[in-house]
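A quick write-up on the structure given underneath.
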Amino acid sequence: MPSFTILIVEDEDAIREMLVMVLDQSNFGSIEATDAEEAQKLLDDKVPDLILLDWMLPGISGVEWARRLKKEPVYKDIPIILLTARGEEEDKIRGLEIGADDYMTKPFSPKELIARIRAVLRRSGKIQGQSQIILGDLLLDTEQHRLTISDKQLEVSPTEFRLMQFFMTHPDKVYTRTQLLDQVWGRSVYIEERTIDVHIRRLRKILEEHGREDLVQTVRGFGYRFSLQG
Ligand code: CA
């Protein structure tokens, strides 16, 4: 389940579809509108975490709609990233002046867009620093030392926490016990390989309480894989 919902307001179908896909790949949910009026209706149903707003829209322009939103107490705190084909410095300043949180000139790379979205969400306090790792409905916070599944907290030991941190940053790949030892415990520590099995068993037991023991998969004769696909 995506953790954040982004409202995309863009009249060009190809760009809008590209944005939906890029967001989906980074586990952001999206809702779409082709103009400001449609977007306004969507806001009545759900307040998104961020708005990607095209400057040049048919009818009310993106910049005009942003200006209106910034005057509404209910909507003024929704971060806005303006998307525009115009690259002039003057436009950028105008966009930021009306209260947009960032400004991107088309064409932009998907990677840059996601980085900007994360930065804006971070600045607005929706994501805290780089300390959070989000994978599906799993959230691991290295600063708060917290691990949750669908907002429910898991009680794990420091070792199992590190194991989860490694797994969540390396999903869908198979690791041998030796590789896990090196990566999670470090080369200098002497631990028998079967100790890993013990920790994996404990971890699975905790995940089982949330019906998610299938996240950690045994690959016979090789090792373990962590995957959201069972
Ligand atoms: Ca447009």
Side-chain angles (χ1 to χ4, degrees), residues 1-130 132-139 171 228:
M1 216 178 65
S3 320
F4 295 103
T5 303
I6 316 277
L7 168 60
I8 303 166
V9 193
E10 166 66 73
D11 57 314
E12 276 169 75
D13 295 344
I15 297 177
R16 207 178 52 251
E17 281 159 22
M18 181 272 284
L19 291 171
V20 171
M21 201 180 73
V22 167
L23 290 174
D24 181 58
Q25 281 165 354
S26 293
N27 200 37
F28 288 108
S30 52
I31 43 178
E32 307 163 52
T34 53
D35 59 35
E37 281 181 357
E38 196 185 345
Q40 186 70 50
K41 281 186 196 130
L42 290 175
L43 284 191
D44 294 339
D45 281 340
K46 185 180 171 67
V47 175
D49 296 294
L50 185 142
I51 301 174
L52 285 180
L53 181 58
D54 183 26
W55 183 304
M56 300 294 280
L57 290 169
I60 304 160
S61 77
V63 76
E64 175 54 29
W65 190 54
R67 199 201 319 270
R68 291 184 196 178
L69 285 183
K70 291 297 173 189
K71 286 182 190 154
E72 298 266 350
V74 193
Y75 304 128
K76 70 174 174 45
D77 294 327
I78 310 172
I80 295 175
I81 298 180
L82 273 176
L83 307 176
T84 176
R86 309 151 58 139
E88 286 99 37
E89 193 62 18
E90 207 177 296
D91 287 341
K92 181 174 178 173
I93 292 164
R94 206 175 134 219
L96 297 176
E97 261 175 11
I98 57 115
D101 297 80
D102 206 350
Y103 175 101
M104 287 194 81
T105 309
K106 297 179 206 174
F108 40 78
S109 79
K111 219 173 152 182
E112 191 188 355
L113 175 72
I114 295 298
R116 298 276 196 105
I117 289 175
R118 291 222 167 96
V120 167
L121 287 173
R122 210 174 294 133
R123 284 205 299 274
S124 67
K126 288 178 188 274
I127 345 185
Q128 297 166 345
Q130 295 281 23
Q132 292 193 339
I133 302 159
I134 297 166
L135 188 72
D137 57 350
L138 301 170
L139 191 152
L228 289 181

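Read the numbers this way: they start at 1 and go in the same order the structure lists the ligands and their atoms. Computed from a predicted model, the values in this text were never measured in an experiment.
Interatomic distance, CG of Asn27 versus CG of Leu228, reported as 8.5 Å (0.5 Å rounding). Taken from OG in Ser26 to CD1 in Ile117, the straight-line distance is 8.0 Å, to the nearest 0.5 Å.
Note on the Ca ion (ligand 1): protein N/O/S atoms under 3.0 Å are Asp11 OD1, Asp54 OD2, Met56 O.
Taking a 6.0 Å sphere around CD of Glu37, one finds it holds 12 or fewer heavy atoms contributed by other residues, nucleotides or ligands.
The aromatic rings of Trp55 and Tyr103 stand perpendicular to each other, their planes meeting at an angle above 60°, with 30° marking the opposite boundary.
Residues Asp54 and Arg16 are not paired through a salt bridge, judged by the lack of any N-O separation under 4.0 Å between the basic side chain and the carboxylate. Under 4.0 Å is where a charged nitrogen must lie from a carboxylate oxygen, and between Asp44 and Lys41 no such pair does.
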